[in-house]
Every structure is written in structure tokens, then in C-alpha cells.
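This report concerns only the one structure given below.
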Amino acid sequence: MSVAGLAQPVRAGLRAPVTWGLAVGGAQAASPLAFWWLDTATVYALGLAVIAAVYIGFSVADGRGHVIAIESSVAGLFVVVAAVSVSGSAWLLVLGLAGHGLKDLWQHRTYFVRNTRWWPPFCATVDWVAAGILTAAILMGVPFHG
């Protein structure tokens, strides 16, 4: 079988997670509308922390101690970025989401955490769609604080 023949099943296998990622990424970007009483930055920061923490659950399901330790540490880093963004620059949220998307891409290529075949392309799409929409909002002058 040629390389071109292998590409089609791979693309077909990514269609559903990427499509759902587009929808959920748009919902993530609109999430402050559901929590109107909170600052926009706070809502996005909470979302970033939750997104990052999902891999802790996957690492526990994986069961390897070094994977749990590394994934917990990486999630902790994203939680710190999220916490600082609550009162800091909204660009930190973009950095956090885009960075998490890169982490998802790395996971997709390395399978560091077992049994996450569909999750990384889904989550990377969510992260990058939300980061793109947040970038547009920042450039348009949308307030993220107060």
C-alpha cells in the first residue's frame, strides 16, 4: 500500500474529532456569555485550567507513575498561566490555549499518554479555535477585565 493510500484513513479518522473540536472551540470562546457575572478573563482562565487537568485523568487511566507525574506538572504550569491571566494580560490566555494546543499536537505524535487516540486532535482544535477567537477579540479591543 502506498503512503497516499494510508493518508485517507488517517484523515477520515481525524474528521470527527476535528469537527467536534471546531464546535466546542466556538463554545469555549462564547463561554463568558454563560457566566456574565464573572470577568471574561476569569471564565477563560477557569476553562484553561479545566482543559489542562483533563490529561491528569488520562494519565491516571494510563497508570504509569512517570506519566502521572509529568502530566500533573504540565497541568500545574497551565493552571499557573491561567491564574496569572485572571488579573494579567489577556494575551496570557492566548498563550496558554495555543501552548496547550501544541502540547496536544505533541501528545498526538508521541502517544505519551496511552489510549488518547482521538482526544489530542479534538483538544488541539478546541484550543486553537478558542485562541484564534480570543486573539481577534483582543485586537478588536474587547475588555477582559472589569
Side-chain angles (χ1 to χ4, degrees), residues 1-36 38-86 88-140 142 144:
M1 179 178 278
S2 70
V3 172
L6 290 174
Q8 186 60 30
V10 170
R11 274 190 232 118
L14 293 176
R15 186 173 299 126
V18 169
T19 300
W20 280 104
L22 291 168
V24 174
Q28 172 74 9
S31 62
L33 298 173
F35 301 95
W36 69 91
L38 296 173
D39 281 349
T40 300
T42 301
V43 175
Y44 287 132
L46 289 168
L48 179 58
V50 168
I51 288 169
V54 167
Y55 274 103
I56 296 173
F58 283 132
S59 69
V60 170
D62 178 295
R64 294 175 291 163
H66 73 283
V67 173
I68 295 169
I70 291 169
E71 290 298 324
S72 296
S73 298
V74 171
L77 175 68
F78 284 107
V79 168
V80 169
V81 170
V84 172
S85 73
V86 169
S89 172
W91 287 109
L92 289 170
L93 295 164
V94 173
L95 176 71
L97 287 165
H100 194 265
L102 289 173
K103 192 260 186 226
D104 291 322
L105 180 62
W106 172 81
Q107 166 61 26
H108 183 64
R109 301 207 25 99
T110 65
Y111 299 105
F112 180 68
V113 180
R114 294 180 187 149
N115 302 316
T116 59
R117 183 178 49 114
W118 64 272
W119 185 262
F122 163 77
C123 194
T125 305
V126 171
D127 293 337
W128 291 335
V129 166
I133 293 171
L134 265 65
T135 297
I138 292 167
L139 294 175
M140 291 188 302
V142 172
F144 281 70

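Sequence positions, counted from 1, serve as the residue numbers for this chain. Just so it is clear, the values below take in all heavy atoms, side chains as well, and ignore hydrogens, waters and symmetry mates.
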Just verifying a value: how many Å separate [X] [atom1] and [Y] [atom2], rounded to the nearest 0.5 Å?
X      : Y      : atom1 : atom2 : result
Trp119 : Gln107 : CH2   : CD    : 12.0 Å
Ile68  : Ser73  : CD1   : OG    : 11.5 Å
Phe112 : Asp62  : CZ    : CG    : 8.0 Å
Ile138 : Ile133 : CD1   : CD1   : 12.5 Å
Phe122 : Leu22  : CZ    : CG    : 10.0 Å
Trp118 : Cys123 : CH2   : SG    : 9.0 Å

Quick check: closest heavy atoms across [X] and [Y], and the distance to 0.1 Å?
X     : Y     : answer
Pro32 : Ala29 : CD-O, 3.5 Å
Glu71 : Ile56 : O-CG1, 4.2 Å
Leu48 : Ala82 : CD2-CB, 4.0 Å
Ala52 : Ala75 : O-CB, 3.6 Å

Would you say Phe78 and Ile51 make side-chain contact, with heavy atoms under 4.5 Å?
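No. Closest side-chain heavy atoms not under 4.5 Å.
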Side-chain touch Trp128/Leu102, heavy atoms, less than 4.5 angstrom:
yes
Crowding at CZ, Arg117 (>12 non-hydrogen neighbours, <6.0 Å):
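Not more than 12 within 6.0 Å, no.
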Filter on side chain to side chain donor-acceptor pair (under 3.5 Å), then keep only pairs touching residues 25-34, sequence neighbours left out; what's left?
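Every pair satisfying side chain to side chain donor-acceptor pair (under 3.5 Å) with a residue in residues 25-34: there are none.
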Think Lys103 forms a cation-pi with Tyr55, using NZ or CZ under 6.0 Å from the six-ring centre and within 45 degrees of its axis?
yes
Say whether, by atom type as modelled, one donor and one acceptor occur between the side chain of Asp39 and the main chain of Ala41 under 3.5 angstrom.
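Absent.
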Quick one: side chains of residues 90-100, donor-acceptor pairs under 3.5 Å with protein atoms, not counting sequence neighbours, listed by atom name and distance.
residue, atom, partner, partner atom, Å
His100, ND1, Asp104, OD2, 3.2
His100, ND1, Asp127, OD2, 2.6

